[in-house]
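Here's the structure we're looking at; comments come further down.
Reminder, nothing fancy here: chain letters follow the sequence lines and each chain counts from 1.
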Amino acid sequence: MRTSQFPLNTVKETPADAEIASHQLMLRAGLIRKLAAGLYTWLPLGLRVLRKVEKITREEMDKAGGLEVLMPALQPAELWQETGRWEKYGPELARLKDRHDRDFCLGPTHEEIITDLARNEIKSYKELPLMYYQIQTKFRDEIRPRFGIMRSREFIMKDAYSFHLTQESLQQTYNVMYQAYCNVFNRLGLKFRAVIADSGSIGGAVSHEFHVLADSGEDAIAFSTESAYAANVEKAQALAPDTARAQPQQAMSRLHTPNQHTIEEVCRFLDIAPQQCLKTLIVRGAEAGSLVALLLRGDHELNEIKAEKLDTIATPLQFATEAEIDAACGCKPGSIGPVGLPINIIADYSVMVLADFACGANEDGYHLTGVNWLRDLPEPSQIADIRTVVEGDPSPDGLGRITLARGIEVGHIFQLGTKYSAAMKADIVNEDGKNQTMIMGCYGIGVSRVVAAAIEQNHDDKGIIWPLSLAPFQVALCPMNLHKSERLQAAAEQIYQDMLKAGIEVLFDDRKVRAGFMFSDIELIGIPHRVVLGDRGLDTNTAEYKARNQEATMEIPLPELIGFLQARMA
RNA sequence: CGGGACGUAGCGCAGCUUGGUAGCGCACUUGCAUGGGGUGCAAGGGGUCGAAGGUUCAAAUCCUUUCGUCCCGACCA
């Protein structure tokens, strides 16, 4: 491709409303343009990258035994009503009516559609297991679209759905897909981790997320320093401490702590460490109108996902209002404590080993110190893991300690079970002639998000640094002052043709622009390999080579150029 | 949806407080020079100042409404 026929829509200025590197660079490099909030047009250069992600994904899905289909983006409400998600999904589901006043939605995902397909098309258990997949545009009316392509309202997703007769069969396909996902992200040249995940609103038991590692990632992931353990912090288990509770040393005393509410304030006021403090949060209980107190160590954070899974707590998790707290505890939120608290208490494991701790006195402006279990208050009826892990916690598998990193979720695989197939009566007659609900798995890759994530992970102050497999072009051919030298024109044209013949995806920059301008453009759009041609080089029969991710340049004899590049790209 | 901010040329911004009919940089067009790191000089083209209503002799500027966008919080590939 020649730049004279493939305009690079690069811009020097950073658009004001782009916050993160990938968003800024995608706009500046001319990969995308915004149409409206969360809606983007893919320009020719960007589309080339997107297609590469699709291609690799498609190849690995085919290899894993998937059958490609294409389902409508517009979906009838009836199917969503069957699973109850028409009501449950909330405003993120973009609903609309057709001219006959019938309800439809723009598909944010396709479980209902695929389950409908499966129940109609899969006739015999002998066809199982079976996996369909598609690469489709999804629509989610995000509350707050942001970060460009990273969290847009319309996005491209590869979603796959598998159908099984047995859990063993599902597990088998799940394992195959796990490996297929690793293959995809390895081939894309991205640093990633598969982590144990919460299955969220989609449902199901076993689930892994695939994260591209990047400091700007929206998700925190926890992994072990010693073992392969990795989990989303939402899910990462905090083990019960193995240390014993110390013997009480202090007497319990009630101290006046005017206007000290947060852990930080109370600790500073009383001159104690947050680890010696106990944090009491009040949430709604599962029973209507009931409240539950959650106890955490002062330096720990409540993990809402863990808490919400407990039977006694309302789902979704809701914090009690100040009025409710006042009615139940007789004080405001900053002064609550478990001593004499008249409501049900759930304690995190870590608070059970505390001795001589501080907590609210259930009276505005007062805290207790030197509090001890059994002596001053009974042990709580329920002890559970309700906190978010922190750096240095022991790894749940017993090997090593937890360390935290940021990640961008680009893939998620779930063992759905029968959540959708049961609701939609996707039954099949099994070997014994009995009706059986099919078991399902589902597997997603955020195809368009991968592009943004790749940039987030691979860029510098000059622009994007594409991994070779994602690059819109593999090589940039940059002749200097092409218009001034017929000799150079001939040589450049020949080299360009040779590269095309060798199957190299080359961008021939034949614009009449200055060297610095050209180099800046090529670096901004992130072409991995750059070949500079000049009259000077022709005198010595060499070209200058530079890799985007390295500083040094090399002189390459022209006859060896193609071979050299091929070796570099192998 | 709650909290904050912003809409002036394709992009980035000034002008608004104190009304007087719009400006700068980049980009674009043309010419000359330059020619290995976003080059210089000169000449151009491009804006119903987000929209509607109001106040006024006069509104980008003041008032009201409305639409859009971005940032901070609850959702997710």
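OP1 or OP2 of B/C70 has at least one side-chain nitrogen or oxygen of A/Lys34 nearer than 4.0 Å.
Atom pair A/Phe155:CZ and B/C75:C1' shows a separation of 12 Å (rounding to whole Å applied). Atom P of nucleotide B/C76 and atom CD1 of A/Ile143 are separated by 9 Å, given to the nearest angstrom. B/G68 atom C1' lies 13 Å from atom CG of A/Leu39, rounded to whole Å. As a whole-Å value, the separation of A/Asp521 CG from B/G37 C1' is 12 Å.
Using P as the reference atom, B/A59 and B/A52 are 14 Å apart when rounded to the nearest Å. To the nearest whole angstrom, the two C1' atoms, one in B/U8 and one in B/C24, are 12 Å apart. Separation of the C1' atoms belonging to B/G45 and B/U30 is 11 Å when rounded to the nearest angstrom.
A/Glu19 comes within 4.0 angstrom of sugar-phosphate atoms only, judged by non-hydrogen atoms across all strands, and of no base. As judged by a 4.0 angstrom heavy-atom cut-off over every strand, A/Arg530 is placed among the base-contacting residues.
Which of B/C72, B/G38, B/C26 sits closest to the side chain of A/Phe517 comes down to B/G38. With B/A77, B/G37, B/C71 as the candidates, the nucleotide lying closest to the side chain of A/Glu523 is B/G37. Residue A/Ser520 has its side chain nearest to B/G38 when only B/G38, B/G36, B/A77 are considered. Side-chain proximity of A/Met480 to B/G36, B/C72, B/A77: nearest is B/G36. When the nucleotides B/U69, B/G35, B/C26 are ranked by their closest atom to the side chain of A/Lys12, B/C26 comes out on top. Checked against B/C75, B/A77, B/G25, the side chain of A/Arg146 finds its nearest nucleotide in B/C75. When distances are taken from the side chain of A/Asp17 to each of B/G12, B/G35, B/C70, the shortest belongs to B/C70.
Remark: side-chain polar atoms of A/Arg530 are not paired, donor with acceptor, to backbone N or O of A/Ile522 under 3.5 angstrom. Of the possible donor and acceptor atoms, one in the side chain of A/Gln457 sits under 3.5 Å from a partner among the backbone N and O of A/Leu213.
With respect to the salt-bridge test (charged N to carboxylate O, under 4.0 angstrom), the residues A/Glu154 and A/Lys138 do not qualify.
Scanning atom types as modelled, no donor and acceptor separated by under 3.5 angstrom connect the side chain of A/Arg144 and the base of B/C75. Residue side chain A/Asn481 does not reach the base of B/G36 through any donor-acceptor N/O pair under 3.5 Å, judged by distance alone.
Nearest-nucleotide positions on RNA chain B for A/Ala36 and A/Ser152 put A/Ala36 closer to the 5' end.
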